[in-house]
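For the single chain, residues carry numbers from 1 onward in sequence order. Because the structure is a prediction, the values reported are computed rather than measured.
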Amino acid sequence: NGATLDDDYHHNFMTIESSAKASIENLNFNKFYRCFVNNGELYVKNAVFKENDAAKFGTKTPGSVIYNKKTATFEYCVFDDNDNSRGGGHPYHYRADLQAGVLYAEAGSMTNLIKCNFKTIYDTVHAVDGSMIVIYDNTIRDYNNLTKAINNNFEAGSCLEFRHISSLN
C-alpha cells in the first residue's frame with residue numbers, strides 16, 4: 001500500500017494551517033506521536049495508520065492519528081492499534097480523560113470516514129460538542145462499533161452519522 005514512514009515516536013507528521021489544503025495517498029504511518037493537526041482541509045486516501053500514540057508526548061494530547069479542527073476526509077484507510085492511553089497499558093480500560101487513538105474532533109469540525117477500517121479497541125474517537133463525523137460504508141458495522149464501544153467518547157452536541165456509500169455522490 002505504498003511507502004512506509006516509521007518515526008519511532010519522535011515527531012508529528014504534518015500541521016495543516018487554516019488556509020491550506022493537503023492531499024495524501026498511499027502511505028503507511030507507523031509510530032508517530034501524532035500524524036496530523038488539521039486547521040484547514042485534509043484528504044487522505046489508501047493510508048494505513050499503525051501504532052501511532054500521542055501519549056508518548058507525556059501529556060494529554062488530542063488524537064494520535066488526527067486532531068481535527070476543520071475538515072478532514074479519510075477514504076479507504078486502515079486504523080490499526082493506534083493508542084493514546086497515557087501509560088494506561090494493557091488490558092485497555094476506558095477513561096474519560098483519554099484523547100482518542102485515532103480521531104479527536106474539535107467543535108466546528110467535519111470528519112468523513114469513507115470505507116475505513118477500525119481494527120482494534122484502541123482505535124478510538126473523541127467527538128466534542130459541535131463536531132460532526134460521517135461514516136460512509138456498505139454496512140453499519142463500524143458505526144455500531146463506535147457507538148456501542150465504551151472506549152469512544154461522544155459528547156452531548158456532537159454528531160456521529162452513518163450514510164450508505166451509495167449516498168456519497
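Within the 4.5 Å cutoff, no side-chain heavy atoms of T73 are placed close to those of E41. Within the 4.5 Å cutoff, the side chain of H164 has heavy atoms near those of the N138 side chain.
Checked by atom type and distance alone, the side chain of N82 never pairs as donor or acceptor with a backbone atom of V102 at under 3.5 Å. Here the side chain of N52 pairs a donor or acceptor atom with the backbone of K31 at under 3.5 angstrom. The backbone N or O of M14 sits nowhere less than 3.5 Å from a side-chain atom of N12 that would complete a donor-acceptor pair. Using a distance-only test at 3.5 Å, with no hydrogens or angles considered, no donor-acceptor pair links the side chain of D53 to the main chain of S64. A side-chain donor-acceptor contact under 3.5 Å links N152 to the backbone of L146.
Nearest approach of D142 to C116, heavy atoms of both residues: OD2-O, 2.9 Å. For the residue pair Y104 and A100, the shortest heavy atom distance occurs at N-CB, 4.2 Å. Nearest approach of I24 to L27, heavy atoms of both residues: CG2-CD1, 3.6 Å. Across I133 and A127, no two heavy atoms sit closer than the pair CD1-CB, 3.9 Å. Taking each heavy atom of I16 and A22 in turn, the nearest pair found is CG1-CB, 3.9 Å. For R34 against F36, the heavy-atom pair with the smallest separation is CD-O, 3.1 Å.
Heavy atoms of other residues, nucleotides or ligands lying less than 6.0 angstrom from NZ of K70 number 12 at most.
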Test log, rule side chain to side chain contact (heavy atoms under 4.5 Å, CB included), inputs F154 and V125: CA-CA 8 Å; F154 297 98; V125 171; 4.0 Å; yes
Worked check of side chain to side chain contact (heavy atoms under 4.5 Å, CB included) between F32 and L5: CA-CA 9 Å; F32 280 86; L5 305 173; 4.0 Å; yes
Criterion side chain to side chain contact (heavy atoms under 4.5 Å, CB included) on T124 and F118, from CA distance to verdict: CA-CA 8 Å; T124 56; F118 291 77; over 6 Å; no
Side chain to side chain contact (heavy atoms under 4.5 Å, CB included) between N30 and E51, worked out: CA-CA 6 Å; N30 297 349; E51 297 179 9; 5.9 Å; no
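Atom CG of D123 is separated from atom CG of D81 by 6.5 Å, given to the nearest 0.5 angstrom. Rounding to the nearest 0.5 angstrom, the gap separating the OH atom in Y76 from the CD atom in E25 is 12.0 Å. Taking SG of C77 as the reference point, atom CD1 of I66 lies at 10.0 Å (rounded to 0.5 Å). If you take CG on D137 and CZ on R163, they are separated by 14.0 Å, rounding to the nearest 0.5 Å. Remark: K115 NZ to N46 CG distance equals 12.0 Å, nearest 0.5 Å. Here the CG atom belonging to D80 is positioned 10.5 Å from the CG atom belonging to N28, to the nearest 0.5 angstrom.
Taking the six-membered ring where tryptophan is involved, the planes of Y9 and Y33 are tilted, since the angle between them lies from 30° to 60°.
Y136 belongs to a hydrophobic cluster whose remaining members, ordered by chain and number, are M110, I114, M132, V134, I165, L168; membership requires side-chain heavy atoms of ILVMFWY residues under 4.5 Å apart, directly or through intermediates.
Contacts of T15 classified as side-chain contact (heavy atoms from CB on, under 4.5 Å), with partners at least two apart in sequence or in another chain: E17, V37, N39. Applying the side chain to side chain donor-acceptor pair (under 3.5 Å) rule to Y43 yields the partners E75; only residues at least two apart in sequence or on another chain are considered.
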